[in-house]
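Data block below; observations after.
Naming convention: chains lettered A, B, ... in sequence-line order (proteins, then strands); numbering from 1 in each chain. Just so you know, these numbers use all the heavy atoms, side chains as well, and skip hydrogens, waters and symmetry mates.
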Protein chains: 2
Amino acid sequence: MTIESDALAPTRKTGAALVDDLADRIRNRIMTGEIPIGAQLRQAELASDFGVSRTPVREALRQLQTSGLIEVLPNRGAVVSVPAPWDVREAYEVRAELEALAAARAVRRITRDQIEQLRVANREMYDYSLARSTGTAPDQPDHRRGNDLFHTLIASISGNARLGKAINDINETFPRNVSAQLIVNDSRHRDENFQEHERILQALADGDAERAAAEMRQHVVDAGEQLARWYELRSSTVFRGE
Amino acid sequence: MTIESDALAPTRKTGAALVDDLADRIRNRIMTGEIPIGAQLRQAELASDFGVSRTPVREALRQLQTSGLIEVLPNRGAVVSVPAPWDVREAYEVRAELEALAAARAVRRITRDQIEQLRVANREMYDYSLARSTGTAPDQPDHRRGNDLFHTLIASISGNARLGKAINDINETFPRNVSAQLIVNDSRHRDENFQEHERILQALADGDAERAAAEMRQHVVDAGEQLARWYELRSSTVFRGE
DNA sequence: GGTCGCGCGAATGGATCCAATCCTAATGAT
DNA sequence: ATCATTAGGATTGGATCCATTCGCGCGACC
């Protein structure tokens, strides 16, 4: 009778696996905007949400703290970090260099199929963003990752795991829903994003490492500038609103 | 009577400050080789060493785990990671790109005084390594950091805090005493290291960002190759020894 | 009426507790 | 003698406990 239920409830995760899982889930909540920037994170609430005690939750929060996604104030709990515009610019300058390296390395390893795959993904993302902006498509969380996928794929094709990790470490600092909304809401950003991706793909297809790196670097710097501007705007309106 | 002792024993660190401090101390033990590669880390032992309970120690260990310096095996404790040669090469390729960026950026911000300071530091480090190798100087832990100081200073002069953090994240993955010993023990590495530093400084002094970046990139890749070779050699001798 | 102070509730954070797991070594069977 | 088995000790890891601290509101005093 209840024997099969063991398969559905496999041995509970413990140790590092559990803590990493908790950190992932909390990070996702922040990345999707479910927990907004500046919001408080209560240990007891998270613990009961995930059905564990506060101990592993605290360890997960520490991980998010060292990555910079949240800030832990002494005896006053954790809040989701509010990125400063200058920090966004600095971070994206570093990310630009890393992704440029990834693109340059990917030139020697990428296959025709992968390029085609990226082209399709890029166009699908564009169409979806367009549909979203005109309100003809619902918000599908899976598709919000389209933009990330493009960059993640190139990083993984580069064949350097450390490189992917370094890029990821930087990305995990900034909630993703903000960048995604920029593409949906602003037609110029959307078009630029699409075309910059196309240019990167063309350079990859041409086997031109130099150009692929340059295009990627420019693309990431541009995206960072847009993001920094958004945070600038946000801070000024928030202060006015109070 | 015992009132003054309060000043000597100020309010005990708590929270993030305590955990970060513990992580620093454990990391130092590994970096200096006091805890060698592959050794086990016992929570109870560390806790009693530092006069705290196992709870904050575990949080510190998790931080070191996410940085990759240690590996935590389920229910079997933590061991200091043994870097794989290919991982060293990958990591140093990324580090090379980041430090190249730092050098390029530093060109526009570095002062004559800072260049002179780096020149002196570089020469002092060379003299010290030479004296160490001939046995005429004792092992002074403070001076072992000379090499790091060179790179850390340039990263900080670059003015991009994120960049410094990214470089640091990679460096914290590999015990430092190994790299230091390479310079002390092998005269060719020592000379190359000194001269590559000189070339970087010359490019900085000339205000040539392009060349500074190229020299730095080459220097870091070279150092990574030496380190990777050392780990290759080590793994083969260790297996033979068993 | 405003401000300072006291106290209570809530939340954090280190210490402790206990179940589960792993390692080791001693015992027993082949 | 070798190998499988199994108790016992040691260690990890989540849950719980309790001291400390923060925040907020009520009340007293100026």
Parallel, tilted or perpendicular, as decided by the 30° and 60° cut-offs, for the rings of B/Tyr92 and B/Phe174: tilted

Rounded distance in Å - CD (A/Glu59) to C1' (C/dG13): 13 Å

Provide, to the nearest angstrom, the distance between the CG atom belonging to A/Leu73 and the P atom belonging to D/dC22. 11 Å

Kindly say if A/Gln43 contacts the phosphate of C/dG13, meaning a side-chain N or O under 4.0 Å from OP1 or OP2. yes

Rounded to whole Å, how long is the line connecting atom CD1 of B/Ile70 with atom P of D/dT12? 11 Å

When rounded to whole Å, the CD to P distance for the pair B/Gln40 and D/dA10 reads 16 Å

Rounding to an integer number of Å, can you tell me how far B/Leu61 CG sits from D/dG14 C1'? 16 Å

For B/Thr55, report the nucleic acid contact type (base, sugar-phosphate, nothing); a contact means any heavy atom under 4.0 Å. base

Do B/Arg54 and D/dG13 have a side chain to base donor-acceptor pair shorter than 3.5 Å? yes

side-chain hydrogen bond (donor to acceptor under 3.5 Å, both in side chains) test vs A/Arg95 passes for just one of A/Thr173, A/Asn168, A/Asn171, A/Asp169, namely A/Asn171

Can you tell me which nucleotide in C/dT16, D/dG23, C/dG13 comes closest to the side chain of A/Val72? C/dG13

Which residue, A/Val52 or A/Pro74, contacts DNA chain D at a nucleotide closer to its 5' end, judged by nearest heavy atom? A/Val52

Round to a whole Å and report the spacing from CG of A/Asn75 to P of C/dT12. 10 Å

At 4.0 Å (heavy atoms only), tell me whether B/Leu22 reaches a base, stays on the sugar-phosphate, or touches nothing. nothing

Proximity to the side chain of A/Ser53 - top-ranked nucleotide from D/dT21, D/dG14, C/dA15: D/dG14

Salt bridge or not between B/Arg89 and B/Glu93? Use side-chain N to carboxylate O under 4.0 Å. no

Would you indicate which nucleotide in C/dA11, D/dT11, D/dG14 comes nearest to any side-chain atom of B/Arg42? D/dT11

Please give, in whole Å, the distance from D/dT20 P to A/Arg76 CZ? 20 Å

So do B/Arg27 and B/Leu64 actually touch side chain to side chain, heavy atoms under 4.5 Å? yes

Between P of C/dT12 and CD of A/Glu45, the distance in whole Å: 10 Å

Tell me what A/Arg58 touches on the nucleic acid: a base, only sugar-phosphate, or nothing, going by heavy atoms under 4.0 Å. base

Can you find a donor-acceptor pair, distance only, under 3.5 Å between A/Arg12 side chain and D/dG14 base? no

Base, sugar-phosphate, or nothing for B/Leu41, non-hydrogen atoms under 4.0 angstrom? sugar-phosphate

